[in-house]
Amino acid sequence: GGGDSGSEDGGDDKLVLGFSQVGAESGWRTANTKSIQESAAAAGIELKFSDAQGKQENQISAIRSFITQKVDVIAFSPVVVSGWDAVLKEAKDAGIPVILTDRAVDSQDTSLYASFIGSDFVEEGKKAGEWLAKEYEGKSEPVNIVELQGTTGSAPALDRQKGFADVIAGNPNLKIVKSQTGDFKRADGKTVMETFLQSTPDIDVLYAHNDDMGLGAIEAIEAAGKKPGTDIKIITVDAVKDGMTALADGKINFIVECSPLLGPQLMELAKKVDAGETVEKRVLTKETTFTQEQAKTELPNRQY
Amino acid sequence: MTTVDMTPVTEKGAPTNPRRRVYRPNAKYIPIIATLSLLMIMYSSGVANYENFGDPSVFVNLFRDNAVLLVVAVGMTFVILTGGIDLSVGAVISLTTVLTATLLKGGWPPLVVLPTVLALGALIGAGQGAVIHFFKVEPFIATLAGLFLARGTALTINQESIPIRDEMWKAISEYRIVLAEGVVTKPIAVVALLAVLIAAVTLAWTRFGRNVYAIGGNADSALLMGLPVGRTKIAVYTLSGFCAALGGVLFSINSTSGWALQGNGLELDAIAACVIGGVLLTGGSGYVWGTLLGVLVTGLIQTIINFQGDLNSAWTRIIVGVLLFAFIVLQRLVTRKAR
Amino acid sequence: MGEQSPVLEMTGIRKVFPGVVALDGVDFRMFPGEVHALMGENGAGKSTLIKTLTGVYEIDGGEIRLGGVPVRISGPLQAQQAGVSTVYQEVNLCTNLSVAENIFIGREPRRFGKIQWGRMRRRAAELLARLDLDLDVSAPLSSYSLAIQQMVAIARAVDVEARVLILDEPTSSLDASEVEQLFRVMRQLKESGVAILFVSHFLDQIYEVSDRLTVLRNGQLIGEHRVEELSQVQLVEKMIGKELAALEDVEDKAQRNRERAAEATPVVEARGLGRTGAIAPYDLTIHEGEVVGLAGLLGSGRTELARLLFGADKADHGELTVSGKPVNLRNPQVAMKKGIAFSSENRRTEGIIGDLTVRENIILALQAARGWTRPIPRKKQDEIVDKYIKALQIRPADPERPVRNLSGGNQQKVLLARWLITEPKLLIIDEPTRGIDVGAKAEIQRLVAELSDGGMAVLFVSAELEEVLRLSHKIGVLRDRRLIEELENTAGVDADRIMQTIASGATS
Amino acid sequence: MSIFKNRLFWPAAILVVLLVINMFTSRQFVTVQDGHLFGTLIDILRNSAPLILVGLGMTLVISTGGIDLSVGSVMAISAAVACLLIQDLDDQNSVGPVLLIIGIAIVVSMLMGLWNGALVAIIGIQPIIATLILMVAGRGIAQLITDGQIINVQSGPYATIASGFFAALPVALLIAVAATALILLLTRRTALGLLLESVGGSPTASRLAGIGARRLTIMVYVVAGGLAGLAGLIYSANIKSADSISAGNLIELDAILAVVIGGTALVGGRFSIIGTVLGAVLIQTLAVTVVAIGIPSEANLLFKAVVVVALCLFQSPTLREKVFGRLTPRSAAGAEVTA
Ligand SMILES: Nc1ncnc2c1ncn2[C@@H]1O[C@H](COP(=O)(O)OP(=O)(O)OP(=O)(O)O)[C@@H](O)[C@H]1O
Ligand SMILES: Nc1ncnc2c1ncn2[C@@H]1O[C@H](COP(=O)(O)OP(=O)(O)OP(=O)(O)O)[C@@H](O)[C@H]1O
Ligand SMILES: [Mg+2]
Ligand SMILES: [Mg+2]
């Protein structure tokens with residue numbers, strides 16, 4: 001049990017959680033940060049928050065700083081899967097349990113962290129692919145798919161691409177004709193889609209690695225005089241409010257949820273870990289998928 | 001009919017040799033001294049404000065956490081001193097880490113991998129230097145092309161992050177150097193400090209070092225004075241490439257992995273560290289010691305942010321900006337007064 | 001001497017710049033142990049010939065032989081290694097480095113690869129002492145005046161073990177005594193068999209040290225002569241291709257105006273104006289139509305005095321009134337508004353802007369005074385610029401050429417033109433005739449006299465005492481950065497009188 | 001021969017090559033649809049607008065020997081301010097208030113520029129570090145304004161500045177053209193251009209020529225700030241939302257690249273407005289071409305590297321001389337000597 005850090009107002013028994021966030025690269029991420037900050041306050045946990053600005057070196061030094069500051073539990077969303085062994089070992093040696101959120105690490109020694117809570121990007125890609133495969137089940141004409149990838153080399157981009165490609169490989173009619181990065185950005189989604197539309201005849205489906213790029217692409221499709229959701233079917237990942245609105249409006253056809261709201265679950269885990277209870281090694285965030293109909297009912301409840 | 005005032009030229013009475021200009025030998029160190037003092041003030045305020053900040057390991061960790069930046073900034077210092085700029089360092093780091101990880105994964109012996117990647121870094125640097133010198137291409141654009149090339153290559157080799165499981169790498173990564181009770185550091189910090197030391201000696205005591213300053217002062221004059229301008233320029237970029245590769249190796253040791261997006265934007269951090277440390281971007285003026293201080297300043301700012309612990313990303317940026325601003329302006333005012 | 005074989009032979013040298021044939025089949029040779037003067041008007045091709053020899057420029061034709069062997073010199077480094085040591089016309093040193101380093105960089109004394117700083121400083125001090133200079137050798141070169149920098153460059157060049165020593169206008173901003181020192185060193189080197197190439201626009205100096213001279217005109221070889229064979233008048237004729245007569249005229253004019261100037265209204269009055277560490281507080285009044293000359297030795301503070309009157313440096317003592325009103329010259333802009341103009345002695349770093357064209361450089365100050373919103377109409381620009389290109393014989397007479405491609409003397413003329421067109425009340429010119437050929441020099445002197453006739457006040461700073469004496473109504477004498485005396489330039493005043501004043505350090 | 005000597009020949013040539021490639025890959029290069037022009041070319045021109053605007057400001061800043069890293073952050077702030085205010089409008093489609101808000105956003109951006117200019121010209125901080133402060137903190141401020149979220153607006157008039165058409169031409173392009181014309185007028189019809197070039201060419205000489213370098217420098221940063229703000233508005237109007245995190249991210253690099261491609265030296269002095277515009281369009285065309293010919297994401301950078309390397313080698317005077325110089329008679333004479 002911790003408590004040796006002793007924050008001024010909370011007395012000795014207040015749990016101190018050090019959390020290192022990847023960065024603030026999207027609205028999704030901001031919602032994630034907010035969820036963690038709010039639920040920490042609600043759970044009476046003192047949160048030490050650090051933003052790594054997308055850099056692994058920052059994150060490593062933040063974790064080390066948490067060790068120096070003698071926090072009770074460390075949690076972090078790894079920027080990248082590899083390369084955490086050394087710093088995790090340091091935490092272990094200092095007797096501080098670690099929880100991974102949102103993204104996994106590839107350490108062979110799984111005792112280095114207590115638990116991993118978060119979504120599975122490959123799974124998200126698969127869900128998107130499965131919906132598509134079902135949509136075109138039994139049809140024989142070729143389906144032209146264009147893909148808007150996330151930031152080149154980033155874990156979500158790689159995994160969402162992989163999961164999707166794996167599933168649609170089962171149907172030879174489904175073909176990805178163009179695939180290009182839109183850097184997870186709305187503006188880039190728009191410009192890349194403009195070029196797709198110009199250079200690729202007969203696009204049937206757009207698969208975007210996040211809502212923002214999809215929303216940008218919708219602008220481009222509309223400007224080209226086509227109807228998003230009808231002329232071109234659109235699948236995206238995330239299910240942020242803007243995306244859900246578009247889904248409800250019929251401009252997007254299917255969204256795979258990737259929930260940023262893992263704050264409450266994380267706080268619960270942190271308390272358990274600190275108390276020395278055994279916890280599950282892998283906790284999946286509660287996530288689902290949305291069709292246009294589901295979106296209409298869900299939309300009023302969306303906070304982010 | 002002369003009406004000449006008799007007040008002495010200098011307030012403290014006429015100098016012994018009236019034709020000798022009043023010159024304080026330490027004038028050129030004033031920026032460094034000012035920076036150092038401000039750094040100390042910043043550190044003390046950290047100690048006063050945050051618990052555990054005074055722990056010696058916080059200070060010692062600065063060197064470990066910023067080892068990569070330090071090594072890269074040292075190389076950058078040479079380049080900037082000649083009046084150039086090297087934007088490719090961050091990308092060279094990523095290429096180095098990816099290549100190291102890939103080669104080690106492929107079963108290459110670590111003692112072959114190490115010189116190979118270092119040589120590759122130097123080679124990239126030399127190539128850029130050659131383009132800059134022989135084809136008179138702006139350093140900015142030549143090294144930007146180098147950036148695209150290096151990171152592009154890294155991405156095509158492997159987009160995913162690759163873990164390093166090599167025993168030697170892991171051993172170095174986990175090796176601890178105990179400085180005192182509870183204060184440990186890592187080999188990478190030692191390597192980084194060694195790099196600073198070697199660079200300082202090179203700049204102050206060798207012909208090459210002085211040529212670097214001369215070229216930065218005035219490249220045309222240096223050429224007319226018969227200095228090997230081309231060779232020195234190429235050497236400087238080679239050195240920077242080498243330092244970047246060394247930084248990449250340290251990076252791969254620190255994180256035991258290789259990834260093509262590693263070191264993104266590090267070039268700007270390195271340039272900023274040099275400039276904060278008083279190296280003039282126009283060339284010819286500054287010291288490696290200044291660069292060291294510059295790196296410590298950025299590291300300390302980061303540490304303060306970490307200790308503050310309740311800043312979201314927006315406030316993190318703003319506070320970093322504010323601290324940087326306060327530091328730079330104070331530094332500027334202090335040195336201006338002292339002159 | 002004639003029996004010896006030449007140490008350097010250049011034959012049929014050709015160098016073409018876009019639009020200009022700078023050298024057109026020039027032959028040039030030098031023998032060991034001679035001082036060979038290279039003569040010619042501004043833009044004749046002297047510096048270009050030197051630069052082709054030291055490999056700064058690649059030649060477009062011709063051959064160079066050193067010691068009888070054909071060579072291809074690819075750069076200054078190779079030239080140095082081949083035994084050719086050079087002081088270029090524009091001081092080419094690194095002002096961010098210390099004096100000692102500037103002398104030794106590239107050949108620092110080392111042990112085990114480590115530079116021996118102590119030894120280097122000592123040797124630098126010794127070397128400078130040979131030129132009668134006492135400098136703080138560890139101070140950055142930028143803290144010294146241009147003339148000192150020139151001496152440092154010379155010190156650097158003469159220390160190199162060279163077969164050929166090239167001095168391109170080394171004396172352009174030196175005083176008589178420094179020139180004497182230089183000549184002493186040159187003679188020593190000559191004794192030891194070094195061939196010295198010497199460029200200067202001072203004919204007296206040429207006749208004092210040279211054995212032989214080669215004359216260029218418009219990039220062409222006019223002839224090679226032994227100095228004794230040619231009188232000064234003949235030499236000038238060869239250089240400019242016609243006779244020269246304007247000089248005597250000037251003196252009369254200056255004489256004529258002396259009385260009138262004394263009664264005129266003061267343009268500027270400095271009371272106890274000074275700057276700590278630069279120039280002791282001084283009083284100085286300059287009247288309308290008056291030419292005030294400044295005389296003094298190297299580093300005596302002439303430049304520093306002049307800079308205060310323009311706000312180029314800020315005074316920290318005393319006050320200044322311009323046209324009767326007290327002013328605070330915070331910066332040059334204020335001074336310009338008050339009708340003061342200042343042409344710096346350091347044309348390369350404080351004067352011309354190399355990338356800009358001749359036209360742009362000329363109109364710059366006038367334009368700055370008008371502000372950016374009121375551009376000078378292009379037609380008017382062309383008019384003004386053409387007028388001054390003609391008046392000052394700027395060559396090539398192409399206003400759209402980047403000024404960096406002009407020869408040194410022509411750059412100086414451009415700089416003068418810049419200030420003349422602003423029609424100031426007070427014109428401060430620091431070494432305006434630096435590196436300017438005989439013909440143009442006379443032209444400039446005539447111009448200054450004319451302007452002062454027209455009521456302009458002029459502060460004239462020059463290392464050439466004759467020039468100061470010829471033009472000035474009044475002469476301020478400086479010593480050790482202090483204005484020690486003001487002399488009316490009456491009949492009895494001559495160079496000796498001034499040198500005496502300086503030597504005795506009169507303070508009464 | 002002289003056409004090859006023009007610095008802008010090679011960027012223009014490469015641009016033409018890229019456009020021709022696009023002509024073949026795109027279904028409509030330029031056509032008329034719904035009464036206005038449409039097609040790849042129009043998309044390129046429209047999407048170049050923000051980069052052109054930022055590039056124009058950057059050119060002016062660079063001409064004085066400075067650099068502005070903060071343009072991306074200023075874009076984000078301007079977009080955030082505009083969208084925040086528009087969101088609160090009762091009627092987002094009324095033109096008057098939207099125009100007013102656009103004006104406010106631009107004024108705010110100019111104030112940001114004023115801050116930069118003051119740091120550079122009054123306090124005397126090196127431009128790269130002075131603007132780095134706002135680069136870091138500015139994005140934090142933008143994030144605060146938008147609360148880290150993307151603010152959506154549904155304003156027709158606002159969207160028009162990015163995707164609307166006027167007289168068959170895209171409004172964004174018209175804005176960029178107007179700004180270019182204005183800057184050209186400002187620099188070439190007044191004496192501003194000359195004075196800026198002179199300040200960049202030699203600050204000391206300019207001071208002694210009586211040029212008020214300080215005021216000019218501040219002005220240039222203010223203009224750069226205003227133009228970046230305008231670029232931010234177009235960027236955000238294009239996606240009808242303010243995205244404080246990605247708006248203008250890394251645009252400073254592209255802008256500097258555009259300036260350098262356009263033939264302006266980074267050390268300051270001579271500058272070319274048209275060159276910058278050409279550079280910006282070239283960069284945008286390159287981005288489009290990468291997508292159009294289906295280069296995989298991971299190889300994007302390599303492709304960019306190839307183009308940049310080719311460009312800088314073609315532009316290099318020495319290489320040009322080696323390739324084309326041999327054809328001229330006088331070099332033939334030179335060859336005869338060396339032979
Ligand atoms: N880099 C260059 N580019 C173009 N033209 C040049 C260049 N350098 C010199 N010139 C031209 O070559 C000619 C010869 O110039 P040079 O400098 O040799 O004259 P100079 O005899 O040394 O004159 P001065 O006495 O004024 O120093 C001039 O017309 C000059 O304009
Ligand atoms: N012999 C010297 N020893 C040391 N310092 C000197 C010497 N001569 C000049 N200086 C320095 O150079 C600076 C410039 O002097 P300044 O230019 O005012 O003199 P000047 O009379 O104009 O001489 P010059 O003929 O060199 O232009 C002064 O600050 C002075 O300190
Ligand atoms: Mg010359
Ligand atoms: Mg002087």
Side-chain angles (χ1 to χ4, degrees), chain B residues 83 85 87 91 131-142 144-159 260 265 268-269 271-272 274-276 278-282 294 311-329 331-333 336, chain D residues 65 67 69 73 115 119 123-130 132-148 244-245 250 252-253 256-257 259-261 264-267 296-313 315-320 322:
Chain B
I85 201 158
L87 298 180
V131 169
I132 290 165
H133 172 64
F134 289 116
F135 299 123
K136 310 264 171 298
V137 175
E138 282 243 17
F140 181 91
I141 196 165
L144 187 65
L147 182 161
F148 292 156
L149 209 62
R151 203 178 288 285
T153 313
L155 274 169
T156 36
I157 291 176
N158 201 337
Q159 292 188 59
L268 198 58
D269 295 342
I271 295 168
C274 295
V275 177
I276 292 171
V279 181
L280 280 190
L281 215 50
T282 42
L311 300 173
N312 61 17
S313 125
W315 278 108
T316 302
R317 288 173 197 273
I318 293 172
I319 299 294
V320 169
V322 168
L323 289 178
L324 200 60
F325 168 75
F327 189 88
I328 297 288
V329 169
Q331 183 191 39
R332 178 75 200 152
L333 295 182
R336 188 192 270 178
Chain D
I67 201 153
L69 296 182
S73 296
W115 162 268
L119 288 188
I123 306 191
I125 300 175
Q126 294 193 58
I128 195 165
I129 207 84
L132 180 76
I133 293 170
L134 190 58
M135 176 191 183
V136 175
R139 202 165 287 281
I141 295 171
Q143 273 173 278
L144 276 193
I145 295 174
T146 61
D147 196 22
S244 56
I245 292 147
L250 292 184
E252 62 278 353
L253 219 55
I256 299 170
L257 183 61
V259 172
V260 178
I261 288 176
T264 303
L266 272 180
V267 289
S297 307
E298 65 269 20
N300 281 1
L301 285 174
L302 281 181
F303 184 74
K304 253 181 142 173
V306 170
V307 175
V308 173
V309 168
L311 184 67
C312 59
L313 289 189
Q315 270 187 336
S316 151
T318 25
L319 189 77
R320 219 161 39 203
K322 292 224 166 77

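Order of the sequence lines fixes the chain letters, A, B, ..., with proteins taken first and strands second; residue numbering starts at 1 for each chain.
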As an exercise: rank [options] by heavy-atom pairs under 4.5 Å with chain B and give me the winner.
options                                : answer
D:Ile256, D:Asn300, D:Asp147           : D:Ile256
D:Val306, D:Ile128, D:Val309           : D:Ile128
D:Ile261, D:Val307, D:Leu266, D:Leu313 : D:Leu266
D:Leu144, D:Ile125, D:Val260           : D:Leu144
D:Val267, D:Leu250, D:Leu257, D:Leu134 : D:Leu257

Contact origin within [X] toward chain D - heavy atom pairs under 4.5 Å:
X        : answer
B:Leu144 : side chain
B:Ile319 : neither
B:Val137 : side chain
B:Leu268 : side chain

If you compare all heavy atoms of [X] against all heavy atoms of [Y], which two are closest, and at what distance to 0.1 Å?
X        : Y        : value
B:Gly152 : D:Leu301 : CA-CB, 3.7 Å
B:Ile318 : D:Ala137 : CG1-O, 3.7 Å
D:Gly124 : B:Arg332 : O-NE, 3.3 Å
B:Ala314 : D:Gln143 : CB-CB, 3.6 Å
D:Ala305 : B:Ala145 : CB-O, 3.9 Å
D:Val136 : B:Gly321 : CG1-N, 4.2 Å

Heavy-atom check, side chain of B:Phe327 versus side chain of D:Ile133, under 4.5 Å: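 Side-chain contact under 4.5 Å: no.
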
Heavy-atom proximity to chain B below 4.5 Å, by part of D:Ala265: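 For D:Ala265, the contact with chain B is made by backbone and side chain together.
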
At a heavy-atom separation under 4.5 Å, does D:Leu69 approach chain B through its side chain, its backbone, both, or neither?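 D:Leu69 touches chain B through side-chain heavy atoms alone.
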
What distance do B:Ile328 atom CD1 and D:Leu119 atom CG have between them, rounded to the nearest 0.5 Å?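 Rounded to the nearest 0.5 Å, the CD1-CG separation comes to 9.5 Å.
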
Using ring pair (Phe, Tyr, Trp, His ring centres under 6.0 Å) as the criterion, list what pairs up with B:Phe325, not counting sequence neighbours.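 Per chain and number, B:Phe325 pairs via ring pair (Phe, Tyr, Trp, His ring centres under 6.0 Å) with D:Trp115.
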
Looking at [options], which has the largest count of heavy-atom pairs under 4.5 Å with chain D?
options                                : answer
B:Leu280, B:Val322, B:Ile276, B:Leu323 : B:Leu280
B:Leu147, B:Ile85, B:Leu324, B:Ile271  : B:Leu324
B:Lys136, B:Gln159, B:Gln331           : B:Gln159
B:Leu281, B:Thr282, B:Val320, B:Val329 : B:Leu281

side-chain hydrogen bond (donor to acceptor under 3.5 Å, both in side chains) with B:Thr316: which residues, sequence neighbours excluded?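 Partners of B:Thr316 by the side-chain hydrogen bond (donor to acceptor under 3.5 Å, both in side chains) criterion come out as none, since no residue qualifies.
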
Answer yes or no: is there a donor N or O on one side and an acceptor on the other, between the side chain of D:Gln126 and the main chain of B:Val279, under 3.5 Å?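 Yes; at least one donor-acceptor contact below 3.5 Å.
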
